[in-house]
Amino acid sequence: MLKTHYVPSEVEEGKYDSWVEKGYFTAGDKSKEPFSIVIPPPNVTGKLHLGHVMDTIPDDIIIRYKKMKGFDTLWVPGTDHAGIATQAKVEEKLRAQGISRYDLGREAFLEKAWEWKKEYAATIHEQWKKLGLSVDYTRERFTLDEGLSKAVKHVFVTLYNEGLIYQGERIINWDPELRTALSNIEVNHTDDEGEFFYFLYDVVGSKEKLIVATTRPETMFGDVAVFVNPKDKRFQHLIGKKVVNPANGDELPIMADSYVDISFGTGAMKCTPAHDPNDFNLSKKYALPVIKVMDETAHLLPIAGKYAGMDRYECREALVEDIKKNGHLDHIEKMVHSVGHSERSHCVVEPMLSKQWFVKMKPLAERVLAQQKGPGAVKFLPKRFAKVLTRWMENVDDWCISRQLWWGHRIPAYYNKETGEMIVSETEPDMTKYVQDEDVLDTWFSSGLWPFTTLGWPEKTADYERYFPTSVLVTGYDIIFFWVSRMVFQSLHFTDEVPFKEVVIHGLIRDEQGRKMSKSLGNGIDPIDVIAKYGVDALRYFITTNSTPGLDMRYSEEKLKSSENYLNKIWNATRYVEMQLGENYEPKPIDKKSLGILEKYILSRLEETVKKVSAKMEIYQFGQASSILYDFVYDDFCSFYLEMSKVSMEDPEKAETVKATLYKVIREIILMIYPYTPFIAEELYQSLPGAKESIMLESYPEFDKSLVSKAAEKEGDILKAILKDVRNYKSSHKMAPNASIKLVLTPKAPFKGIEAYFQRFLFAKTEVSKEAVLGDSFLYGKYTLFVQEDVDKETLKKRLEEEKEKLNFEISRSEKMLSNPGFVSKAPKEKIELEKSKLEENKTKLETCLERLKTL
RNA sequence: GGAUGCUUAGCUCAGCGGGAGAGCAUCGCCCUUACAAGGCGGGGGUCGUAGGUUCGAAACCUACAGCAUCCACCA
């Protein structure tokens, strides 16, 4: 027997381990159609947060649902080494102990990183277990696994041989703290307050001075020219002359290019090719020299003379001070401008000329764009996110993939120690003669291969053949660029298939005030704490049902609580059914001939619910599916049928049918809630007779059209309405709910035995009569209900007149609509039928109303 | 500069072409053996503004306003 209350921790205890032990999460039933998902692999950087819950619970719901629908479901779990993110964490930890990675050296540092990985992978496993994820542990992967590493090498070498990977000297984003290159999307731009320095440049051979403004004076040692716009009248006479660089006295040519914006700053722009991508382009166009002024830690190089060795900001301050002293500072302006910060170290990124490895994106992007135009396009839900992918692909730059880190896939390029000749190969050359490239690959390079490398590619394994392409991917809109796009182009290029047929995009979870959860605000929420307080099922239910796909949602204690209350409701409804069935109950199929009106009613509603919920589940609309089920559970089942069954059960003739009905309804409710809340569902399922070893072996409820009865629903609704009207009547007449009252129904009862329900739930004596009686009345189609009481005729008359008015208004509304040729010819049939039946009903009501008025 | 989303009850949000919904809050009545973490009943909204399409608009289109987010640029 179930307890009177749902206690999440007791329910959760032991279930997950038993599911794993029984092998329910292990895929491979060849008799069924495959359905597969790969997990968005969490980084081994720390513990999981609510964002991961948003990524994984929809996956779990889909997998559990599809399994019940008869698919051979595979959910591949795994983790991501997360190169730069993890390395930053490990370095941070070492720094706390006063050690730098350079003290340890590559080998020893990597050992530390592997220790870190082991520890955090264990944490992640613990959390998957808590969340109840039905992942197939026999197929778990890590991005640095041997198999995945081999695949990464294969991909690199293939792209290199195809000319799609090249080494080049270009301006890249440099993180001086982590001392590595970054790709464009690993740089976050924020509007920072800064200073705009206006310097005076002496024009050679003239008294004239040119004012040039810059935000980064420290780069002036690398200046090679000053540019103006050729159309700028102010400067035309200066083009071809020279100016003196106030930082070091070098003479710089004044050149003209339309790139310069006449209205920005002073209209004259200094050109520093080694530290600005646009300046670099100009230098190529005009064959200007390229001079680097900073090293990899953003300290000034010897070219900066007395400033050499200073940090970039130290240098800026000292240099501005010196220029001011010698009279070449015009003025300084405060300005807000967008500054690039490293996604991981948060320090200001330095654009810098550097030799790096790049992926040539254009051909790969074009393939994606072509695919997305055709019938085989990856389908996005919601649709609009498809545009995020294509827009990015249309404007993509080449991808800088080399990182000057140690934690990651080392680039398979080898250099001859003597000749310097380079070979790129999947197999190591003779390492006595060669050294390997020091750099590792961007972590997204390997995660971009995730959907197929996890299944064994490039080997043609059985899993790859069976489960690839995967069925669906669930992820946040924030990593469409980082991850989704890369999986799509890598997959198309290497497997000629899209990696997944559908992508379900969710929003981000914010705090209760709607702010982003972040470390610096300290407003992050640990899912483990939430689970301890409300149970994992409430968390799962809350996070998947309180939002619309693709939109952000707020964390809400209130809604977690109400989720838990809902589960408690289902718990207690099950408890009630359990009590009614009694011990040794043997489930029997519904005997359709024996059904009473109320049974027909609830079963009809149940079938409609099954149909609607399934339809929403199929399109991953979990919010909508759950709210349909919720309404059924509360309004139709708990508040109505279940209550009515208390009376029905007293009639021994009805009892068996009622039991069978209660059993079927509660069982299907449990099966429908199960994908959302597997722990409580398993517990409740097991408490019912006829349970299998686990709910995981059950099928999803099937829609049974033969149980749908609109007529029964209508009659049930009348009873529902009567209960509500009479209760409301009592309340508005200051009567206690349990005050006795006399009701008269004319001309007959909607169904046999209705009096018993009135007696029990309205404390009413009821009689059925052909004659109207004095008192207030309610109309239900052809039935009238009188509340027999002493009431003066005038008041009654007034009420009836009001009712008449209302009915006339409704009737004329319907008639107007039905006589509108536009409506009759264009509206769907059901709408017209509905309107006609409303009209009929109101006409009947009006007739009854008029009859009564005559008698008063 | 380009793009996208949001604006619905006091609060948080669903609904997205056929007569305004949920949770919480609020008011009234109830300890009725499924559930007081509950039950029953009630109050509360010209669905951001202005036009348009339609027999019919909260929903579709256009413009505007406010609030978010993303991309690009910023010498």
Side-chain angles (χ1 to χ4, degrees), chain A residues 2 4-6 184-185 189 191 196-197 212-216 219 223 226-227 259-261 264-272 276 278-279 335-339 382 384-385 387-388 391-392 395 477-478 480-481 507-508 512 514 516 545-548 550-559 561-580 623-624 627 630-631 634 638-639 642-643 646 723-732 734-738 760-761 763 810 813-814 816-817 819-828 830-832 834-835 838:
Chain A
L2 293 169
T4 56
H5 278 293
Y6 159 50
N184 292 347
I185 51 174
H189 292 269
D191 283 336
F196 209 18
F197 301 92
V212 179
T214 178
T215 50
R216 297 162 68 218
T219 63
D223 287 3
V226 169
F227 274 88
Y259 167 73
V260 179
D261 180 350
F264 191 84
T266 62
M269 177 194 94
K270 74 189 202 62
C271 175
T272 321
D276 185 285
N278 297 312
D279 294 3
M335 77 166 336
V336 172
H337 62 146
S338 142
V339 178
R384 75 186 121 91
F385 288 103
K387 270 187 271 170
V388 177
R391 280 176 57 85
W392 193 67
N395 302 302
Y477 61 71
D478 54 330
I480 294 176
F481 300 142
L508 308 180
E512 300 220 43
K516 241 177 155 167
T545 63
N546 282 77
S547 66
T548 310
L551 294 187
D552 292 353
M553 74 182 295
R554 291 187 196 211
Y555 176 77
S556 161
E557 293 264 342
E558 194 182 80
K559 283 180 182 169
K561 205 172 229 168
S562 87
S563 301
E564 195 190 352
N565 286 348
Y566 174 43
L567 298 180
N568 186 52
K569 190 80 182 173
I570 297 177
W571 175 280
N572 271 291
T574 310
R575 183 165 179 269
Y576 170 82
V577 174
E578 199 186 2
M579 287 166 73
Q580 299 309 313
Q624 291 180 23
S627 94
Y630 181 95
D631 288 346
Y634 264 92
C638 292
S639 300
L642 187 150
E643 289 298 329
K646 291 173 184 173
L723 294 175
K724 190 166 181 163
D725 287 340
V726 174
R727 281 165 171 166
N728 187 15
Y729 178 89
K730 284 184 168 182
S731 159
S732 60
K734 305 260 183 264
M735 293 167 73
N738 58 355
R760 173 70 166 268
F761 297 105
F763 303 90
E810 288 298 315
R813 195 190 63 86
S814 289
K816 224 168 110 189
M817 240 170 130
S819 64
N820 181 332
F823 178 75
V824 181
S825 63
K826 287 177 191 165
E830 311 87 74
K831 294 293 158 198
I832 299 171
L834 190 74
E835 209 49 50
K838 273 189 210 167

Mind checking if E564(A) touches a base, just sugar-phosphate, or nothing, with heavy atoms under 4.0 Å?
base

Sequence neighbours excluded, the answer for side-chain contact (heavy atoms from CB on, under 4.5 Å) partners of K724(A) is none

message = Strictly distance-based, threshold 3.5 Å: is any side-chain N or O of N395(A) a donor or acceptor partner for the main-chain N or O of R391(A)?
response = yes

Should the side chain of R813(A) and the base of rG19(B) be counted as holding a donor-acceptor pair, with the cut-off at 3.5 Å? yes

Rounded to whole Å, the CG-P distance (L642(A) to rC40(B)) equals 11 Å

Next item on the list: Could you tell me whether the side chain of E835(A) and the main chain of M817(A) form a donor-acceptor pair under 3.5 Å?
Entry: no

Out of rG23(B), rG2(B), rA36(B), minimum distance to the side chain of H5(A) belongs to rA36(B)

Under a 3.5 Å limit on both distances, the Watson-Crick or wobble mate of rA50(B) is rU62(B)

message: Counting distance alone, no hydrogens or angles: does the base of rC55(B) have a donor or acceptor under 3.5 Å from a partner atom on the side chain of K826(A)?
response: no

When rounded to whole Å, the CD to C1' distance for the pair E512(A) and rC24(B) reads 12 Å

From CZ of R760(A) across to C1' of rC40(B) the rounded distance in Å is 15 Å

Task: CA sep, side-chain torsions, deciding dist, call: R813(A), E810(A), salt bridge (charged side-chain N to carboxylate O under 4.0 Å, His left out) - done: CA-CA 5 Å; R813(A) 195 190 63 86; E810(A) 288 298 315; 3.8 Å; yes

_Looking at K724(A) and rG41(B), is any side-chain donor or acceptor paired with a base atom of the opposite kind under 3.5 Å?_
no

Name the nucleic acid region contacted by S639(A), choosing base, sugar-phosphate or nothing; use a 4.0 angstrom heavy-atom cut-off, strictly under.
sugar-phosphate

Of the candidates rG15(B), rA75(B), rG18(B), the side chain of F823(A) sits closest to rG18(B)

ask   = Does one side chain, of T219(A) or K270(A), offer a donor that lies under 3.5 Å from an acceptor on the other?
value = yes

note: N738(A), atom CG; rG39(B), atom P; distance rounded to Å ~ 19 Å

From CG of D552(A) across to C1' of rC67(B) the rounded distance in Å is 13 Å

Review point. With no angle test and no hydrogens, is the base of rU12(B) tied to the side chain of K559(A) by a donor-acceptor pair under 3.5 Å?
Key: yes

Rounded to whole Å, the OH-P distance (Y477(A) to rU4(B)) equals 16 Å

Does any N or O donor sit under 3.5 Å from an N or O acceptor when you compare the side chain of E835(A) with the base of rG56(B)?
no

Closest of rG5(B), rA75(B), rU12(B) to the D276(A) side chain is rA75(B)

Of rA37(B), rG19(B), rG39(B), the nucleotide closest to the side chain of K838(A) is rG19(B)

